[in-house]
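One structure below.
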Amino acid sequence: PGDILLRITSINIPHSNISIYIFYHMVQQKYHSREEKYEILAIALGLAGLSVIISLILLFVSPFIDVKRKIYILFMLLVVSASSVFSFYILVPLPLYIYLTATVYLYWLSLVQPALRNIVFRLLISYPASMYQAVCIFMIPFLWIQYLYWKWVTVIVCGIIILGFLQSMLPVRPEYVNFSTAPFEEYHRYTHLRRSPILKTYHEPTNVTPGGRRLRIAQITDPHVGIHMSEKRLFHMCSQIASWNPDLVFITGDLISTESYFESQRMAYGFSPLASLEGRVFACLGNHDYESLLEVETTYQLAKIILLKDESVIVPTPVGPVEIIGTEFNFKRSKKDKQARIDELMNKFPDKQHYRIWLVHNPDEFTFFPQGSVDLLLAGHTHGGQIGLQSLGINWTVFNFLKRTPDFGLWRQGTNTMYVHRGTGYQGFPVRLGVSNELSLLLVDV
C-alpha cells in the first residue's frame, strides 16, 4: 500500500500543477500564435521539471520501497509528467478529460487492495485508464507535431490505440505451428543466433511425417491474469487446449499481475479444463511470479500442475521418453552471470539420455547453452515484442529492433532450437499493437 500510494502522490504533483496552469490559460485565451505556443510549452515544461524535483525528494527519502522500485517509479513519474503536458493539447471536452484522468488514479488506487475486478469496474475504470495511459505514452514522440503543426495526430494515435486494444481483447484464433528439431548436418555450420522459418496453419494438419509421429505441445506463457486476462478468458483458452489432447502442456512463467496477487482459487479455475491432462502439464517460474510466489505455487497445486524449480522429470510420450527441465528465473543481467547460471544448470543436469525440453522464461538465456544440450527450449517473457508488424506477416517488432534479442517464433543456434511464444496475455504497455496474443499447438518433428 505504501508503494502504491507513494506512486500516486508522485504522479499527482506534476500532473496537478500542469493541469491547473493549462486549464487557467485555456479559460483566458482560446487561440494562440506560434510564439505564444512556444512560451506556454516552456512554462508547462518548467512546471513539470520543478514538480519532478519535488517528487524526487519525496520519493527517495521514502522508507517504503527499495532502490530498484524507486528507479521504476522515477521512470513512470517522468513518463507521466511528459504525458501530462500532452493532456494540454488533447482536443476533448473537459468533462471527458477529467473522467479519463480520474480513471488512471482510481485504477492505481484500486491496487492498494489487489483483486480481480468485475466486468463493470473493468469497463468503466480499468479499460479507459489503460487506453488513456497508452495514448499518453505513445504520443510523447509526437508532441511537437501535434501541438505546433498538426493537431489531428492525436486522433490518429487514439485510433491506433483503440485498434490495438481491440486486437488484444478479441478472441484469439488458434494456430498450428509445424517445425523440426532434428539436428540436421547443415545446422552445425550456423553458430550464430538466427530466426528460422516455420509452417503455420489455421487448420490441424496430419500428425504423421516420413520420420514418424510428431510431438504435440501446447504452451501457455505470460497470461498475467488480471485486467487483460480474466479467469474466464483463461478458462476458455485452456478449454481449447484440452480439446487438442496434446501430449504435453507447458506454462513458461508469469502467471500473475498485480490484480491477481491473492487470487489462487480463481486462477486455478482458469486452468481447470486442463484437469483431463493431469500428469502432462508442467510449469516453470517467470520474473513476475516471485511477486506473489505462494499464490502461484498454491494455484498450481490446486490445478494439479507440476511446477519445476530447477528440477527435471522424464515423461513417457507417444514419440518416446521426454526429459523436461523447468528452471527458476535468473534475475542477474550480466553475460558473465548468465553464463554462470547456465553452467550451474548443465552441471546439475549433465547427462542427456532422452529428448530434452527446457522451460526457461527468458529467451535471452538460450545463447548461453552449449551446443547439443537443447533439443527444444520453450520461452516467453517478451509478449512477442508487443508492438510490431507480426499481424501483417512481417517478422519485425520494436523489441527486437531495440534489443536485438529473440521476440517470437522459432530460433536456432547450431543444433539448439528455441520457440518463443508471443504470450497468452500481456502486461506493461497497456495494449498490443500489431502483435497478437498466441493460442497455438506445436507439432514438433523430433
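All figures in this text were calculated on a predicted structure; none of them were measured in a lab. For the numbers below, each heavy atom of this structure counts, side chains included, while hydrogens, waters and symmetry mates do not. One-based numbering along the sequence shown.
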Do you know the tightest heavy-atom contact between [X] and [Y]?
X    : Y    : result
M237 : E438 : CE-O, 4.2 Å
L308 : I325 : CD1-C, 4.5 Å
P246 : L441 : CB-CD1, 4.1 Å
T424 : M229 : O-CE, 3.2 Å
G270 : C238 : O-SG, 3.5 Å
G253 : H361 : CA-ND1, 3.7 Å

Just checking, is any N or O donor in the side chain of [X] or [Y] under 3.5 Å from an acceptor N or O on the other one?
X    : Y    : result
Y107 : E259 : yes
E295 : T298 : no
N362 : R333 : no
D222 : H381 : no
Q219 : T221 : no
E291 : Y261 : yes
D407 : T397 : yes
R422 : N437 : no

Reported [atom1]-to-[atom2] distance for the pair [X] and [Y], which is rounded to 0.5 angstrom:
X    : Y    : atom1 : atom2 : value
L443 : S180 : CG    : OG    : 12.0 Å
T405 : N400 : OG1   : CG    : 6.5 Å
L277 : F271 : CG    : CZ    : 12.5 Å
W396 : I387 : CH2   : CD1   : 9.0 Å
L163 : R432 : CG    : CZ    : 15.5 Å
S440 : Y176 : OG    : OH    : 10.5 Å

Lys/Arg cation over aromatic Y202: R173, 6.0 Å, 45° cone: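 The answer is yes, since R173 meets both limits relative to Y202.
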R195 to F408 six-membered ring, cation-pi geometry met (6.0 Å, 45°):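 Cation-pi check for R195 and F408: passes.
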Show the numbers, then the answer: is there a side chain to side chain contact (heavy atoms under 4.5 Å, CB included) between E263 and E231? CA-CA 10 Å; E263 299 282 10; E231 74 275 23; over 6 Å; no
Does [X] come within less than 4.0 Å of [Y], counting only side-chain N to carboxylate O?
X    : Y    : result
D310 : R341 : yes
E297 : K309 : yes
E365 : K338 : no
D364 : K335 : no

Name of the residue among V435, I394, L433 meeting side-chain contact (heavy atoms from CB on, under 4.5 Å) with L389: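 Testing L389 for a side-chain contact (heavy atoms from CB on, under 4.5 Å) against V435, I394, L433 leaves exactly one candidate, I394.
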Pairwise side-chain contact, [X] with [Y], heavy-atom cut-off 4.5 Å (strictly under):
X    : Y    : value
Q240 : W244 : yes
Y355 : V319 : no
I357 : V374 : no
W411 : L193 : yes
P273 : I241 : no
S373 : N416 : yes
V249 : I305 : no
Y419 : T252 : no

Quick check, are the ring centers of [X] and [Y] under 6.0 angstrom apart?
X    : Y    : result
F399 : H383 : no
Y290 : F331 : yes
W358 : F369 : yes

Evaluation steps, side chain to side chain contact (heavy atoms under 4.5 Å, CB included), between L285 and L307: CA-CA 8 Å; L285 293 172; L307 176 61; 3.9 Å; yes
Okay, side chain of [X], backbone of [Y]: is any donor-acceptor separation there less than 3.5 Å?
X    : Y    : result
S130 : Y127 : no
T181 : V446 : no
D247 : T317 : no
S239 : F235 : yes
N347 : D343 : yes

When you look at L302 and Q265, which way does the side chain to side chain contact (heavy atoms under 4.5 Å, CB included) test go after all the steps? CA-CA 8 Å; L302 293 173; Q265 293 281 350; 4.1 Å; yes
Let me see the working for L359 and I324 under side chain to side chain contact (heavy atoms under 4.5 Å, CB included), right down to the final yes or no. CA-CA 7 Å; L359 308 182; I324 303 163; 4.0 Å; yes
Would you call the rings of F282 and F250 parallel, tilted or perpendicular, where under 30° means parallel and over 60° means perpendicular?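 Because their plane-to-plane angle lies in the 30° to 60° range, the rings of F282 and F250 count as tilted.
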In this structure, are over 12 heavy atoms from other groups packed under 6.0 Å from [X] atom [atom1]?
X    : atom1 : answer
K348 : NZ    : yes
Q339 : CD    : yes
K200 : NZ    : yes

Result for side-chain hydrogen bond (donor to acceptor under 3.5 Å, both in side chains) between Y426 and one of H224, H228, Q386 points to H228
